[in-house]
Amino acid sequence: MPTEVEVPAPMSRLGPIRAPQNFFAGLALMALAAFALWATSDLSQGTLRAMGPAMLPRWLAIGVGVCGLGLAVLAVVSDGDPLRLSDYSAIVTFGFILVVALLVTKVVSAIFYGGAQGANIFFYTAIVLIYGTILVMFVAALRRDAWVDAFGLRGPFFIVAGILSFAITIRLFGLMIAGPLAMIIGGYASSEVRMTEIIIFAAVMTALCVGLFRYVLNLPIPILIIPGVIYI
Amino acid sequence: MPDIISNLGLGFATVWQVLWVTDPLLGVTWPIPVNVLLCFIGCMVGTLIGVLPGVGSTATIAMLLPITFGLEPVGALIMLAGIYYGAQYGGSTTAILVNIPGEASSVVTALDGHEMARQGRAGVALGIAALGSFFAGTVATLLIAALAVPLTRLALVFGPAEYFSLMLMGLVFAVVLARGSIFKAIIMIIIGVLLSTVGTDLETGQERMTFGSPFLADGVDFAVLAMGIFGIAEVIRNLDNLEARDVVRGAIGRLLPGKEDIKQAALPVLRGTAIGGILGILPGNGAILGPFAAYTIEKKLAKDPRRFGRGAIEGVAGPEAANNAGAQTSFIPLLTLGIPPNAVMALMVGAMTIHGIIPGPQVMTKSPQLFWGMIASMWVGNLMLLVINLPLIGLWVRLLKVPYRLMFPAILMFCCIGIYSINSLPTDVMWIAVFGVIGFALIRFGFEPAPLLLGFVLGKLMEENLRRALIISRGDMMTFIERPISAGLLLVAVGLLTIALLPTIRKGREEVFVE
């Protein structure tokens, strides 16, 4: 049954903060600066006469941090653009997935691998979370639930999942599988998608791309791989 | 003067270079003008992608960059330049026919161009845009040829300190001319420079902020960054404003403007060419200002300013000429000084570096064929746009009617294939998704991504020159002020920034971009 979801009205202020968009942007910049400072903390700064590797990044990071602080302070004093939460839900969700994946990595890697395998665990956790999200949305889209479009997650998540699918399958199965997969999954980013249409269109475009990239431009891109059977 | 002619002669010879290819079927040997063919293909695909609503020329070039990687450097750059003009022209076509300007520089064209289209004069608007652009392109090509040698000589006098100051000035220009908040543009540039410091430090060989990742060891890959932040982020953003398109229905009308139209448009084209050409040379994104300035001036000069916004042909002719002239003269800082003035030129730097050419004054002396070939190809490209686009208008109109729900998955796959084909690395493909989300977040928080890309490209050069200058001066920061040229450049930068921040000018600046 389709459910009605109301899109909340844009907020022009958030408590004492008069420009919420800029305020959060400022916070994000300060976080970025802190991250960059931490990342360069093991490098030497050198002197002006013989600059070390950390000199410029460190000062730039400080610059970013100061600007972020300025932006956040200004946001308290002066008015700015209103903020609509659904515009940011995707960004927040991606951030959430990032944090969860980092936590899982820390825990699993410490318990099972003695601190090793970090990159792989992180990667697989993030993949599972992203595909899980789009699976839920896909089912909801098939049932025509209204919340899929109202939440603002649909566009960014299906696009990202489409790209990821391409990246995962291109080496395993080749372009004839990866191309349509990217187009069909990506196609669901739009609420106007029609299943048969996108499948036919994806097939045609993939055929064209195979011709163009492999045979006209001569790029070394695998066309079709069925492990143990075929490799074009 | 004779120098210019012989140089351009060399350029045209390069462009018309013929490759004898034997046909395997008939056994006949055909002459194939490879570079002209590449220029043609570039213009075609550039227009093809550039015509898509919401895809600006930066995004177009970012997407098409990979298809040029397999070519010879000369051919690749000629093709890329073709893509650029094609994308620019495609943007104008969209602005006139659909009223969705692909990017800032064709915003003004949409005002009167689309109005003309509604009155059934779409053909004339497109025709005058093409003719005006061609004229502007011709003048700009000559201007580049004339300025290339003296400016290159000037560049050879420059030491590291001057280069650093020049780039700083370029960044200040870019900040001042960017759309939206000056403060946010500054932040974007600093982040761009910060991003450029990721990777192995050239002087000490130590890894900076790489976290042991092989992807980051050589620094953030330029093509991946550009494709993600422009291509993918644009796709995600455009998903929100779906199908509010207003493609002109009905006849396009005749294409060639009549005598009366030409008479009305002649002077605006001349003025537009002059304005656009001069502004385009500025380091920093001067080209973007050209169409706005041209439109304002035409409106001020017109006997009846009320006609503007209601389908005045001057409102199309002037800005379009300025747009094209600026698009071309912005090659000057890149080709002579090696400094990209805007995001598109930053992409050109990326492409040149991948082909092993380091942009700068030495390109002209070391590979004159490439240098002059590229300049000559600009003119050839403009001619081609005129020849191929006017008859193909019908095709573009049909393309504009393809719904976005089908267009964007195709763009998505194209980006994936393109980025994969560069290094054959699936991780590169994943990173465009990451940068796509980052670019999307930037747009959502009100930051323009273009200054970031510029900062990223200039960042490496700036750090190198800063370090070198400080080694020469033994760590004395005063060297930037003591050397006269450097001091002058810094003074201009500081002056410009101060002026831009003055309340009255700030208001005026906002008005220019609002209109």
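These numbers come from a predicted model, not from an experiment. Lettering follows sequence order; numbering is per chain, from 1.
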Nearest 0.5 Å, what's the [atom1]-[atom2] distance between [X] and [Y]?
{"X": "Leu56(A)", "Y": "Arg467(B)", "atom1": "CG", "atom2": "CZ", "value": "8.0 Å"}
{"X": "Leu466(B)", "Y": "Met55(A)", "atom1": "CG", "atom2": "CE", "value": "8.0 Å"}
{"X": "Ile438(B)", "Y": "Phe94(A)", "atom1": "CD1", "atom2": "CZ", "value": "11.0 Å"}
{"X": "Leu60(A)", "Y": "Ser196(B)", "atom1": "CG", "atom2": "OG", "value": "7.5 Å"}
{"X": "Ile190(B)", "Y": "Cys67(A)", "atom1": "CD1", "atom2": "SG", "value": "4.0 Å"}
{"X": "Ile163(A)", "Y": "Ile419(B)", "atom1": "CD1", "atom2": "CD1", "value": "10.5 Å"}

Legend entry - Main-chain N/O of Arg444(B) paired to Gln21(A) side chain as donor or acceptor, under 3.5 Å: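 Between the backbone of Arg444(B) and the side chain of Gln21(A) there is a qualifying donor-acceptor contact (under 3.5 Å).
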
Do [X] and [Y] have side chains that approach each other closer than 4.5 Å (heavy atoms only, starting at C-beta)?
{"X": "Val235(B)", "Y": "Ile159(A)", "result": "yes"}
{"X": "Phe166(A)", "Y": "Ile432(B)", "result": "no"}
{"X": "Arg171(A)", "Y": "Tyr420(B)", "result": "yes"}
{"X": "Ile168(A)", "Y": "Val429(B)", "result": "no"}
{"X": "Met430(B)", "Y": "Phe123(A)", "result": "yes"}

Going by the angle between their ring planes, with limits at 30° and 60°, are Tyr88(A) and Phe445(B) parallel, tilted or perpendicular?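 Tilted.
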
What heavy-atom pair brings [X] and [Y] nearest, and what distance separates the two atoms?
{"X": "Met183(A)", "Y": "Pro409(B)", "result": "CG-O, 3.3 Å"}
{"X": "Glu192(A)", "Y": "Arg405(B)", "result": "O-CD, 3.0 Å"}
{"X": "Phe408(B)", "Y": "Gly187(A)", "result": "CZ-O, 3.7 Å"}
{"X": "Arg208(B)", "Y": "Pro53(A)", "result": "NH1-O, 2.6 Å"}
{"X": "Pro156(A)", "Y": "Ile236(B)", "result": "CG-CG2, 3.7 Å"}
{"X": "Ser190(A)", "Y": "Leu239(B)", "result": "CB-CD2, 4.1 Å"}

Count the heavy atoms of every other residue, nucleotide or ligand shown that sit under 6.0 Å from [atom1] of [X], and state whether that count exceeds 12.
{"X": "Asn120(A)", "atom1": "CG", "result": "yes"}
{"X": "Glu482(B)", "atom1": "CD", "result": "yes"}
{"X": "Phe183(B)", "atom1": "CZ", "result": "yes"}

Among [options], single out the residue with the greatest number of heavy-atom pairs under 4.5 Å to chain A.
{"options": "Ser421(B), Ser473(B), Cys416(B), Ala441(B)", "result": "Cys416(B)"}
{"options": "Ile411(B), Leu425(B), Val193(B)", "result": "Val193(B)"}
{"options": "Leu194(B), Thr197(B), Leu470(B), Leu406(B)", "result": "Leu406(B)"}
{"options": "Thr210(B), Ile232(B), Leu412(B)", "result": "Leu412(B)"}

Problem - Under 4.5 Å from any heavy atom of chain A - which part of Gln206(B) - result: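 For Gln206(B), the side chain is the part near chain A, not the backbone.
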
Using side-chain contact (heavy atoms from CB on, under 4.5 Å), reason through Val437(B) and Val160(A) one step at a time and then give a plain yes or no. CA-CA 8 Å; Val437(B) 172; Val160(A) 166; 3.5 Å; yes

### Query
For Trp59(A), is it the side chain, the backbone, both or neither that has a heavy atom under 4.5 Å from a heavy atom of chain B?
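Contact with chain B involves no heavy atom of Trp59(A) at all.
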
Where on Leu29(A) is there a heavy atom nearer than 4.5 Å to chain B: the side chain, the backbone, both, or neither?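 Answer is side chain: those atoms of Leu29(A) sit under 4.5 Å from chain B.
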
Only pairs of heavy atoms separated by less than 4.5 Å count here; which of [options] has the most with chain B?
{"options": "Pro180(A), Ala178(A), Ala167(A)", "value": "Ala167(A)"}
{"options": "Pro57(A), Ala39(A), Ala182(A)", "value": "Pro57(A)"}
{"options": "Leu71(A), Asp42(A), Thr206(A)", "value": "Leu71(A)"}

- Query: Quick one: which of Ile170(A), Leu175(A), Leu212(A) gives a side-chain contact (heavy atoms from CB on, under 4.5 Å) with Ile417(B)?
  - Reply: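 Exactly one option meets the side-chain contact (heavy atoms from CB on, under 4.5 Å) with Ile417(B), and it is Leu175(A).
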
